[in-house]
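As the structure is a prediction and not an experimental result, all values here were calculated from the model. Positions are given from 1 along the sequence.
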Amino acid sequence: MYVIGTAGHVDHGKSALVQALSGIDPDRWAEEKARGLTIDLGFAWCELPSGRAVSIVDVPGHERFIKNMLAGVGGINLALLVIAADEGVMPQTREHLDILDLLDIDRGLVALTKSDLVDEEWLALVEEEIADLLDGTTLAGSGIAPVSALSGQGIDELRALIDAEIDALPPISNHGRPRMPIDRSFSISGFGAVVTGTLRDGELSVGDAVVIEPGRIECRVRGLQSHEQTMETAPPGARTAVNLSGVSASELERGMVLTSPGWLEPTTAVDVRLRAVKRSARALPHNATRTLHVGADEVQARVRLLEGDSLASGQSTWAQLRLERPLAAARGDHFVLRSADATIAGGRIVDTRPRRHHRNDASTLDALQRLLDGSPDDTLLTVLQRMEPARWQDVRSRSELADDDALDACRRQIENGAIVVLDEGGLTDSTVLMTDAGLGAMRASAERHVVDYVKEFPLRAGLPREDLRSRLNLPQRAFAVVQQQLVESRVLVENGGSLDVPGRTVALSADQSGQVERLLERLRAQGVRPETDGEVDTELLEYLEAQRLVVRLKGGVTLDRAVYDEMVSDTRQLLEAQERATLADVRDRLGTSRKIAQAFLEHLDTIRVTRRVGDARVLRIG
């Protein structure tokens with residue numbers, strides 16, 4: 001189902017034209033009827049000569065109500081630019097055309113209203129002015145239809161032109177994830193909350209669980225209407241009224257988005273391709289604050305230009321918009337930026353969950369370009385590169401591709417080696433993915449970490465595995481793949497619980513050798529009552545522990561290895577003989593101090609030789 005949207009200057013006859021086409025007065029409010037001025041959005045529908053029905057969104061033309069116009073124009077498929085023949089092109093004609101151009105609405109017609117008030121010569125001049133106005137915009141070359149809503153002149157011909165234009169429109173897309181920017185919310189006695197909008201990207205059915213964003217308000221579809229007809233399923237593109245259960249109308253407002261759960265995450269920053277209107281009076285500076293309009297919502301945004309220090313009239317650039325509150329938007333959505341009194345720029349959102357970028361960075365700009373106009377494969381790769389390693393369900397959601405397109409693209413990239421699966425068992429929601437390039441960079445980073453570590457600590461056996469995983473910030477499964485590839489390619493070698501540089505040997509200096517010999521002699525002499533090792537070089541202790549010459553316990557206790565082995569044997573014999581033993585029992589059996597006995601037993605608990613039961617220890621079985 002397609003939607004037509006009016007646009008044009010105040011008092012050029014938009015509402016009267018809608019009524020002439022549809023028989024429906026789109027002005028809903030008493031104030032609008034009293035003043036003869038459209039203040040808010042109006043809605044109607046009509047049947048075309050082909051028999052199909054189309055929705056019509058009538059927008060206000062007065063400059064004070066531009067934000068209301070923007071709330072309705074974003075979801076239209078065909079623009080109906082209304083210009084009064086007796087006045088010609090006026091300021092809001094130009095601004096509304098700028099908005100249509102920024103939103104990339106490229107199918108439209110010009111309705112030349114009040115044409116019965118002018119002669120043929122004047123009409124020809126106005127048509128020439130309009131053609132010049134449209135030149136260089138998305139509506140260049142659009143047909144012009146002289147009409148009179150009062151007499152009915154040209155209305156049938158306009159309907160036929162609309163029918164022909166709709167024939168040329170592409171089919172409404174269905175990505176299987178319905179999304180409806182809310183442009184009205186109200187309550188009906190006996191039914192509860194109702195919201196209206198233009199449904200995008202998927203079907204909506206009675207009984208569906210839905211969520212309202214921002215706010216994550218969970219509710220359910222109780223009923224559906226379009227053109228005052230009750231339906232079980234609303235198709236994408238339809239102007240739809242949705243009756244909701246599980247939510248109060250007081251919780252809902254224009255600008256929120258109704259959608260299926262689990263994919264649309266509100267954001268406070270978006271990356272965009274930004275284009276300034278050609279008639280902009282001044283350049284847009286870096287870090288300026290302007291009002292962002294997306295769908296039916298508006299929010300203040302700080303404009304961080306990612307290249308250059310300002311955006312001149314008619315020019316385009318990349319930017320990141322930092323928002324003062326969360327916004328529910330999707331990649332590919334069009335937007336408009338306004339100052340207090342003028343439309344200044346607009347464009348398309350390319351990323352709804354971006355990192356903060358360095359300005360004038362070529363790699364960032366290249367990635368943004370791929371997101372803007374790349375294939376599903378390019379989009380998926382670029383998204384994965386920005387978040388890797390990542391679970392498949394997160395990559396799919398972040399790409400905002402249709403599920404089938406995302407899955408096909410992922411499988412192609414896995415097959416050609418550009419994406420690496422870090423799990424066994426096929427592609428599931430929890431499967432961890434990386435790009436081949438990202439995995440290569442991760443391997444190089446891991447090697448650097450190990451090399452730097454053993455340079456700093458030359459007496460250690462290498463960088464502990466868990467320490468390396470933490471430094472790489474990798475989940476366990478991803479780290480296991482990186483480690484396996486590094487070891488199999490002999491870039492690194494395993495050394496106990498650590499990773500080391502191949503061929504590296506640990507050599508003590510003459511002074512260190514002397515210190516080690518004296519320490520070992522002292523520990524053997526002290527036996528089960530060693531002094532604390534607080535004054536001993538920590539690196540030497542790490543070395544001796546790696547060489548299995550000493551065992552280090554908590555509290556700064558270091559035992560000669562042979563002494564420790566004998567203590568373990570004695571403790572086992574004690575527990576086998578009496579099944580359980582207290583700290584005092586072990587202390588007395590070993591002939592040591594309470595402090596050392598406690599540290600020793602805690603160590604045995606950690607290595608799973610013993611298990612604590614109340615105040616006693618027992619041997620672990622198995």
| message | Side chains of Leu109 and Leu139, heavy atoms from C-beta outward: is any pair under 4.5 Å? | response | no
| note | Distance col, row Asp394:CG vs Glu388:CD, nearest 0.5 angstrom, shows 13.5 Å
| said: Run the side-chain contact (heavy atoms from CB on, under 4.5 Å) test against Asp373 and tell me which residues pass, sequence neighbours left out. | reply: Gln369
| Any Ile99 side-chain heavy atom under 4.5 Å of Leu103 side chain | yes
| task | Give the minimum heavy-atom separation between Ala79 and Ile105, together with the two atoms involved. | result | CB-CG2, 4.0 Å
| note | Those residues at least two apart in sequence (or on a different chain) that pass side chain to side chain donor-acceptor pair (under 3.5 Å) with Thr267 are none
| note | Residue pairs meeting side-chain hydrogen bond (donor to acceptor under 3.5 Å, both in side chains), one or both in residues 162-174, sequence neighbours left out, come to Ser50-Asp163, Arg52-Asp163, Arg52-Asp167, Arg107-Glu165
| message | Does any part of the side chain of Ile182, heavy atoms only, come nearer than 4.5 Å to the side chain of Ile212, both counted from C-beta? | response | yes
| field | Under-4.0 Å salt bridge between Asp351 and Arg386 | value | yes
| said: Restricting to side chain to side chain donor-acceptor pair (under 3.5 Å), what partner residues turn up for Ser399, sequence neighbours left out? | reply: none
| field | Flag if over 12 foreign heavy atoms under 6.0 Å of CG, Asn473 | value | no
| field | Basic-acidic side-chain contact under 4.0 Å: Arg338, Glu95 | value | yes
| task | Could you tell me whether a side-chain N or O of Ser22 sits under 3.5 Å from a main-chain N or O of Ala44, the two making a donor and an acceptor? | result | no
| message | I'd like to know if Asp98 pairs up with Arg275 as an ion pair, taking the criterion as any Lys NZ or Arg NE/NH1/NH2 lying under 4.0 Å from an Asp or Glu carboxylate oxygen. | response | no
| query | What residues, two or more places apart in sequence or in another chain, satisfy side-chain contact (heavy atoms from CB on, under 4.5 Å) together with Glu251? | reply | Ile217, Val247, Ser248
| query | Judged by atom type as modelled, is there a donor-acceptor pair below 3.5 Å linking the side chain of His12 to the main-chain atoms of Ile83? | reply | no
| task | Would you indicate whether the side-chain heavy atoms of Arg348 and Asp104 approach each other to under 4.5 Å? | result | yes
| task | State whether the number of non-hydrogen atoms from other residues, nucleotides or ligands found under 6.0 Å of Glu415 atom CD is greater than 12. | result | no
| said: Assess whether a salt bridge exists between Asp297 and Arg254, defined as any Lys/Arg side-chain N lying under 4.0 Å from an Asp/Glu carboxylate O. | reply: no
| query | Looking at side-chain heavy atoms only, is the closest gap between Glu157 and Arg159 below 4.5 Å? | reply | no
| query | Can you name the nearest heavy-atom pair linking Ala319 to Leu274, along with the distance? | reply | CB-CD2, 4.1 Å
| query | Do NZ/NE/NH1/NH2 and the carboxylate oxygens of Asp333 and Arg179 come within less than 4.0 Å? | reply | yes
| task | Spell out, as yes or no, whether a donor-acceptor pair under 3.5 Å connects the side chain of Thr431 to the backbone of Trp392. | result | no
| field | Salt bridge present between Asp378 and Arg370 (N-O < 4.0 angstrom) | value | no
| message | I need the minimum non-hydrogen distance between Gly295 and Pro181, along with the two atoms involved. | response | CA-CB, 4.4 Å
| request: State whether Asp377 and Arg412 are salt-bridged, where the test is any N-O pair (Lys NZ or Arg NE/NH1/NH2 against Asp/Glu carboxylate O) under 4.0 Å. | output: yes
Quiz: residues 222-230 side-chain donor-acceptor pairs under 3.5 angstrom, not counting sequence neighbours:
{"from": "Arg222", "atom 1": "NH1", "to": "Phe191", "atom 2": "O", "distance (Å)": "2.6"}
{"from": "Ser226", "atom 1": "OG", "to": "Arg239", "atom 2": "O", "distance (Å)": "2.7"}
{"from": "His227", "atom 1": "NE2", "to": "Ser55", "atom 2": "OG", "distance (Å)": "2.7"}

